[in-house]
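Notes follow the structure.
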Amino acid sequence: MSALQHGEHRPPPVGRIPAAALAERRWLLDFAENPRRDTLHADRQLVTQAVIQLAQNAAQHTEEHGRIGIGGRPGPDWVELWVRGTGPGIRPADRQRVFGVFTRAEESRGRTGAGLGLAIVKAIAEAHHGEIQLDSAPGRGSTFTLLIPYVTHALNSGPHRP
């Protein structure tokens, strides 16, 4: 019998884990262990929703059998959760605009979607006193990084509204 059948829960090993989820892509999960064991004060459902939205967005814009990475690591004041896709990338003129409500990058016109996903991710990040960062260039894909501060940093910057 497996450990799960005995009621035990073992976390997956830290490192790189292949995964398949939203689409036929080459998924890769990469999470670093947090040696400091800082407390992350966050709404699990909202942060999960943000990461799933970023993964869905990457799947939508990455060609079949393209590579998508999902990962995370502790920073000095925050946790970084990132999603990286090998899609067409986002032009500099569209980088701020893609986070607006009902807006989409020029490259995504004609694809399905209402243009709400990245606006929701931005709202979730800001509700946690965090931020969303975008690193992208046409032809090389995009990396979206969600930064969520540890509890001490979030509490020192004002009321927390997840």
Side-chain angles (χ1 to χ4, degrees), residues 1-5 8-35 40 42-75 78-128 130-149 162:
M1 268 191 184
S2 74
L4 292 178
Q5 290 172 323
E8 297 176 34
H9 172 63
R10 292 185 188 157
V14 175
R16 296 179 183 269
I17 305 165
L22 298 169
E24 282 296 320
R25 306 293 185 272
R26 294 175 58 200
W27 293 88
L28 183 68
L29 302 180
D30 188 6
F31 291 90
E33 192 169 339
N34 181 358
L40 182 65
D43 182 309
R44 282 185 224 154
Q45 290 179 328
L46 289 177
V47 172
T48 299
Q49 179 184 354
V51 173
I52 289 173
Q53 178 57 51
L54 291 173
Q56 190 279 331
N57 194 61
Q60 186 175 10
H61 296 283
T62 299
E63 297 295 324
E64 188 170 346
H65 304 295
R67 183 173 270 172
I68 297 173
I70 301 174
R73 67 177 165 241
W78 57 83
V79 170
E80 297 179 21
L81 301 170
W82 52 263
V83 177
R84 178 179 302 131
T86 57
I90 299 170
R91 298 177 322 159
D94 288 333
R95 287 194 198 135
Q96 290 302 315
R97 220 172 58 73
V98 297
F99 294 105
V101 177
F102 301 119
T103 60
R104 298 161 60 182
E106 191 65 36
E107 294 80 11
S108 68
R109 305 279 161 133
R111 296 182 192 235
T112 61
L116 291 172
L118 294 176
I120 292 169
V121 171
K122 182 179 178 187
I124 291 170
E126 290 174 350
H128 288 87
E131 62 184 76
I132 182 79
Q133 296 177 343
L134 170 60
D135 178 27
S136 184
R140 74 167 177 88
S142 300
T143 300
F144 290 86
T145 304
L146 185 63
L147 300 173
I148 305 291

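Count residues from 1 along the sequence.
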So which atom in [X] and which in [Y] form the shortest heavy-atom distance, rounded to 0.1 Å?
{"X": "A58", "Y": "V83", "value": "CB-CG1, 3.8 Å"}
{"X": "A42", "Y": "V47", "value": "CB-CG2, 3.8 Å"}
{"X": "L146", "Y": "A50", "value": "CD2-CB, 3.9 Å"}
{"X": "I148", "Y": "A125", "value": "CD1-CA, 4.4 Å"}
{"X": "P88", "Y": "H61", "value": "CD-O, 3.0 Å"}

Practice task
List the steps and the verdict of side-chain contact (heavy atoms from CB on, under 4.5 Å) for I120 and Q53.
Solution key: CA-CA 8 Å; I120 292 169; Q53 178 57 51; 5.6 Å; no

Exercise for the section: Evaluate side-chain contact (heavy atoms from CB on, under 4.5 Å) for L54 paired with L118, printing each intermediate quantity in order. Expected result: CA-CA 7 Å; L54 291 173; L118 294 176; 3.7 Å; yes

Practice task
With sequence neighbours excluded, tell me which residues meet side-chain contact (heavy atoms from CB on, under 4.5 Å) with A137.
Solution key: R95, R140

Handout entry: L46 side chain reached by Q49 side chain, heavy atoms, under 4.5 Å
Key = yes

Can you name the side-chain hydrogen bond (donor to acceptor under 3.5 Å, both in side chains) partners of [X], sequence neighbours left out?
{"X": "R67", "answer": "none"}
{"X": "T143", "answer": "R84"}
{"X": "S136", "answer": "S142"}

Handout entry: Intermediate values then yes/no, side-chain contact (heavy atoms from CB on, under 4.5 Å), I70 and V51
Key = CA-CA 8 Å; I70 301 174; V51 173; 4.1 Å; yes

Handout entry: Stepwise side-chain contact (heavy atoms from CB on, under 4.5 Å) check, I132 with F99
Key = CA-CA 9 Å; I132 182 79; F99 294 105; 3.6 Å; yes

Problem - Gap separating the CD1 atom of I68 from the OG1 atom of T86, nearest 0.5 angstrom - result: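 I68 CD1 to T86 OG1: 7.0 Å, rounded to 0.5 Å.
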
Practice task
Tell me, please, which residues at least two apart from E80 pass salt bridge (charged side-chain N to carboxylate O under 4.0 Å, His left out).
Solution key: R73

